[in-house]
There are 2 protein chains.
Amino acid sequence: MRIAVLGGDGYCGWATALYLSMKGHSVAIVDNFARRQWDHELGVQTLTPIRPLSDRLRVWQRLTGNTIESFVGDVTDYDFLSAVIKSFEPEAVVHFAEQRAAPYSMIDRKHAVFTQVNNVVGTLNLLFALREFQPECHLIKLGTMGEYGTPNIDIEEGYITIEHNGRKDTVPYPKQPGSFYHLSKVHDSHNIMFACKTWGLRATDLNQGVVYGTLTDEVALDEALINRFDYDEVFGTVLNRFCVQAAIGYPLTVYGKGGQTRGFLDIRDTVRCVEISCLNPAAQGECRVFNQFTEQFSVLDLARMVQNAGEKLGLTVTVEHLSDPRVEKEEHYYNAKHSKLIELGLEPHLLSDSLLDSLMNVALKHRDRVDTAVMLPRINWRQPSNQRRAQSDHEPVLEIVGGSAGRNGGNDGSGQRIRAGLKTKVRR
Amino acid sequence: MRIAVLGGDGYCGWATALYLSMKGHSVAIVDNFARRQWDHELGVQTLTPIRPLSDRLRVWQRLTGNTIESFVGDVTDYDFLSAVIKSFEPEAVVHFAEQRAAPYSMIDRKHAVFTQVNNVVGTLNLLFALREFQPECHLIKLGTMGEYGTPNIDIEEGYITIEHNGRKDTVPYPKQPGSFYHLSKVHDSHNIMFACKTWGLRATDLNQGVVYGTLTDEVALDEALINRFDYDEVFGTVLNRFCVQAAIGYPLTVYGKGGQTRGFLDIRDTVRCVEISCLNPAAQGECRVFNQFTEQFSVLDLARMVQNAGEKLGLTVTVEHLSDPRVEKEEHYYNAKHSKLIELGLEPHLLSDSLLDSLMNVALKHRDRVDTAVMLPRINWRQPSNQRRAQSDHEPVLEIVGGSAGRNGGNDGSGQRIRAGLKTKVRR
């Protein structure tokens with residue numbers, strides 16, 4: 001199958017492109033390296049030293065004999081994007097090419113506007129390009145479980161059947177996203193549904209949970225194929241960040257009580273879910289939604305699991321509760337359905353000690369690259385503008401509102417000791 | 001009360017600004033005259049010869065002694081918008097300053113992208129400006145009933161209480177908008193809800209129905225204060241267009257079966273609803289939604305009413321069913337709640353023969369300005385790109401798929417005579 005991976009140089013995109021290539025699909029990567037640019041802007045680096053895309057693709061070709069085409073450009077540039085679609089003629093387009101960090105979108109107005117315009121216009125352009133030049137191509141769009149928020153009822157996969165005043169209808173599931181980034185994905189979802197209905201396009205909207213892990217069989221083939229591993233407050237996903245923190249003896253930074261519950265999945269399941277979607281396309285005119293995660297955990301659950309895994313490796317791991325920089329419920333009901341991908345054949349990699357070990361070992365291997373200054377939250381949802389960049393004479397401060405020195409510190413999420421106002425300067 | 005009316009040079013905005021000024025409020029108009037520019041782009045004109053804003057405001061001041069300040073600029077320019085907010089210090093901002101025509105957004109990709117970026121960025125800018133400089137100001141945002149689409153259950157005012165799998169929650173009402181324009185309003189609504197929740201802003205989202213009429217007591221004071229009256233396929237609202245068609249003996253152009261049912265309101269109620277919202281502000285942190293319409297009609301209902309009113313004036317009015325250029329249900333359930341504004345004191349001006357007479361008389365008065373070429377739909381929802389501009393040698397063609405020569409032509413919406421494929425060249 002001819003599959004274009006937009007954003008194929010990024011964290012999920014790279015792993016997906018290699019996986020699909022290894023499975024025998026004809027793959028093209030479309031990327032403008034915006035993600036690498038944001039690292040420079042924020043003064044952060046992936047823990048793992050990733051190579052330029054041209055190197056990566058050369059090594060992949062040498063090792064496997066498989067060629068992955070690359071198209072360098074911006075999907076918000078319609079001339080570029082439509083030329084790609086016309087030239088590559090994809091049967092499926094996997095669209096990862098968006099700004100994907102909630103904190104980035106909450107830095108200030110410019111970042112909020114950039115995130116929404118970038119994501120919405122890129123997706124609109126893609127819808128128009130498919131309608132004009134490749135109307136039977138299957139759009140596989142990365143959404144997020146964060147589109148739903150945390151309602152007090154079960155979360156269904158995209159649609160819900162409502163009985164109301166004696167009548168009944170199946171309608172899009174109501175969305176309550178929690179950042180300007182998450183909002184951009186909600187906007188996308190509405191635009192995609194409309195395009196499917198109006199133009200008969202076919203789409204799968206993958207509402208993905210929080211991804212963890214960095215290794216897939218493919219990226220493990222060679223050091224040159226190594227994947228991103230972000231642990232900073234902006235692009236680092238929570239479990240990856242915890243593993244790095246544990247590995248270097250830094251407290252696990254739990255925001256608030258840590259009762260925030262979300263869906264999670266291993267990056268090895270991300271790539272498989274995308275392939276499953278490709279191989280089982282939506283019908284023309286259908287906008288299908290899959291909730292793409294395998295297990296749900298609270299943030300504190302994850303911290304405890306990392307603590308346990310760390311102890312087995314002989315590490316002392318502490319958990320600190322910081323005041324939550326986000327506006328979100330710290331304790332809430334959460335029950336999200338996620339059976340459709342399972343029904344299509346997904347066999348989940350569930351979170352295990354061995355994975356946590358492996359993540360901590362990745363962190364230990366690259367510990368000289370860890371910058372502890374980038375792990376503390378400096379982007380406050382409540383502020384319309386956040387000065388994020390560290391000044392050289394202004395070391396970041398870990399503001400602890402509650403915590404436990406060790407795993408038996410009595411901090412079980414319901415009765416944690418609150419040390420409000422305490423400021424600890426953490427130096428490494 | 002200090003009230004800024006963004007988009008105050010437009011159809012609803014102008015009437016609203018004058019009404020609020022007459023009621024003793026201190027009013028500022030913020031506008032960049034984009035609406036006038038779109039007329040030039042499309043080659044259309046308001047039926048009524050409106051004056052430049054500076055003239056309008058001079059005459060208003062002379063007649064009433066009331067000064068309306070004007071700020072000329074684009075709300076997507078944050079420097080401009082934030083300077084306005086800082087300088088005028090509004091207690092309420094009424095936000096009409098968006099591209100408001102569904103067909104305009106469906107012309108092609110550029111118009112779709114423009115509409116969404118323009119509307120979303122303008123509203124984001126406003127949210128940030130209020131958060132930064134005027135956090136207690138009440139945002140009154142014009143949304144549209146079209147955000148809801150036509151679900152098979154009752155439409156509530158913004159939120160719906162759902163019982164699901166034994167649990168219950170009140171969540172935002174699911175949205176199924178029918179054009180890139182309507183989608184932009186859905187995006188806005190989500191962004192506004194988030195800003196209220198996250199920053200404690202206060203907002204009223206007015207999901208307005210289709211507005212008809214052109215006269216309010218204020219715009220009727222002087223010829224120089226005359227309001228817009230759009231009848232073209234892009235910006236003309238359906239009832240206004242029917243009245244113009246009836247007045248000049250042109251068939252009423254019903255799209256498809258005409259069973260499309262929507263909420264409607266008189267422009268005199270628009271201005272009153274806005275004032276009611278100003279005088280009864282949302283609480284800090286609250287994003288309140290009012291469905292702002294007074295009656296619901298099908299398009300065919302309206303055509304029949306215009307036919308009746310026309311007959312009383314001695315006009316012969318025919319109804320023609322064109323193939324629907326939009327993708328929408330031509331027959332459907334529709335029951336939308338609209339009690340909140342009534343509870344706050346709205347006394348609706350219901351649609352009556354006398355109003356239709358008056359609209360037809362406005363049309364008759366300006367009949368030499370009517371351009372029949374701009375009334376026929378040339379923007380097809382199903383196409384990704386529509387050539388809209390008429391060529392001089394290419395007169396628009398009325399493609400009739402079903403119709404009735406007179407009001408007793410047997411075309412009652414259930415068994416209309418379909419004359420598929422018939423093309424009638426209508427010349428006047």
Side-chain angles (χ1 to χ4, degrees), chain A residues 76 78 82 106 108-110 112-113 116-117 120-121 124-125 127-129 131-132 149 151-154 156 159-180 182-184 186-187 190-191 193-194 197-200 326-327 333 335 381-385, chain B residues 76 78 82 106 108-110 112-113 116-117 120-121 124-125 127-129 131-132 149 151-154 156 159-180 182-184 186-187 190-191 193-194 197-200 326-327 333 335 381-385:
Chain A
T76 67
Y78 189 70
S82 56
M106 298 303 296
D108 57 17
R109 187 195 65 85
K110 283 191 180 171
V113 168
Q116 293 209 353
V117 171
V120 168
V121 173
L124 282 176
N125 279 353
L127 293 169
F128 274 90
R131 170 65 184 82
E132 285 206 83
N152 195 38
I153 54 174
D154 291 344
E156 301 296 327
Y159 301 88
I160 184 170
T161 300
I162 298 178
E163 283 200 47
H164 183 57
N165 299 345
R167 299 183 64 88
K168 195 181 199 174
D169 201 3
T170 298
V171 294
Y173 197 96
K175 302 295 179 72
Q176 298 180 83
S179 75
F180 288 115
H182 291 102
L183 283 154
S184 77
V186 172
H187 305 343
H190 283 101
N191 284 341
M193 274 187 199
F194 173 75
K197 183 178 134 193
T198 306
W199 294 337
R326 305 186 178 204
V327 175
Y333 178 76
N335 185 37
W381 259 231
R382 292 165 185 83
Q383 297 300 327
S385 180
Chain B
T76 69
Y78 189 69
S82 56
M106 298 302 295
D108 58 16
R109 187 194 66 85
K110 283 189 182 172
V113 167
Q116 293 209 353
V117 171
V120 168
V121 173
L124 282 176
N125 279 353
L127 293 169
F128 274 90
R131 170 64 184 82
E132 285 206 82
N152 196 37
I153 54 175
D154 292 345
E156 302 295 328
Y159 301 88
I160 183 170
T161 299
I162 298 178
E163 283 199 46
H164 183 55
N165 299 345
R167 300 182 64 87
K168 195 181 199 174
D169 200 4
T170 298
V171 293
Y173 197 95
K175 302 295 180 71
Q176 298 180 83
S179 74
F180 288 115
H182 290 102
L183 283 155
S184 77
V186 171
H187 305 343
H190 282 101
N191 284 341
M193 274 187 199
F194 173 75
K197 183 178 133 192
T198 305
W199 294 337
R326 306 186 178 204
V327 175
Y333 179 76
N335 185 38
W381 259 231
R382 292 164 186 83
Q383 296 300 327
S385 180

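Throughout, protein chains are lettered first and strands after them, A, B, ... in sequence-line order, and every chain is numbered starting at 1. Hydrogens, waters and symmetry mates play no part in the numbers below; they use all other heavy atoms, side chains included.
Taking CD of B:Q176 as the start and CZ of A:F194 as the end, the distance is 12.5 Å to the nearest 0.5 Å. Rounding to the nearest 0.5 angstrom, the gap separating the CG atom in A:D169 from the CD1 atom in B:I153 is 6.0 Å. Atom CG of residue A:L124 and atom CG of residue B:L183 lie 8.5 Å apart, to the nearest 0.5 angstrom.
Counting heavy-atom pairs closer than 4.5 Å to chain A, the top-ranked of the candidates B:S179, B:G200, B:G149 is B:S179. No other option in A:H190, A:K110, A:K197 has as many heavy-atom pairs under 4.5 Å with chain B as A:H190. Chosen from B:H182, B:K175, B:E132, the residue pairing most often with chain A at heavy-atom distances under 4.5 Å is B:K175. Interface summary for chain B: among A:V120, A:T170, A:I162, A:V117, the most heavy-atom pairs under 4.5 angstrom belong to A:I162. Interface remark: of the candidates A:S385, A:G178, A:A112, A:G178 forms the most heavy-atom pairs closer than 4.5 Å to chain B. When each of B:D108, B:N125, B:L127, B:T161 is checked for heavy-atom pairs under 4.5 Å with chain A, B:N125 comes out on top.
Of the possible polar contacts, none joining the B:R167 side chain to the A:Y333 backbone as a donor-acceptor pair under 3.5 Å is found. Using a distance-only test at 3.5 Å, with no hydrogens or angles considered, no donor-acceptor pair links the side chain of A:W381 to the main chain of B:W199. Distance alone, capped at 3.5 Å, places no donor-acceptor pair between the B:R109 side chain and the A:F128 backbone.
Checked by atom type, the side-chain pair B:H164/A:E156 shows a donor-acceptor distance below 3.5 Å.
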Using side-chain contact (heavy atoms from CB on, under 4.5 Å), reason through A:V113 and B:T76 one step at a time and then give a plain yes or no. CA-CA 10 Å; A:V113 168; B:T76 69; over 6 Å; no

Please assess B:Q116 against A:H187 for the test side chain to side chain donor-acceptor pair (under 3.5 Å), listing each intermediate value before the final yes or no. CA-CA 10 Å; B:Q116 293 209 353; A:H187 305 343; over 6 Å; no

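Residues A:P172 and B:P174 approach most closely at O-CB, 3.2 Å, considering heavy atoms.
A 4.5 Å side-chain heavy-atom check between B:E163 and A:E163 finds every atom pair outside the cut-off.
In this structure, chain A has no heavy atom under 4.5 Å from any part of B:Y173. In this structure, the portion of A:I160 lying under 4.5 Å from any heavy atom of chain B is its side chain and not its backbone. With a 4.5 Å cut-off on non-hydrogen atoms, B:Q383 touches chain A through its backbone and its side chain both.
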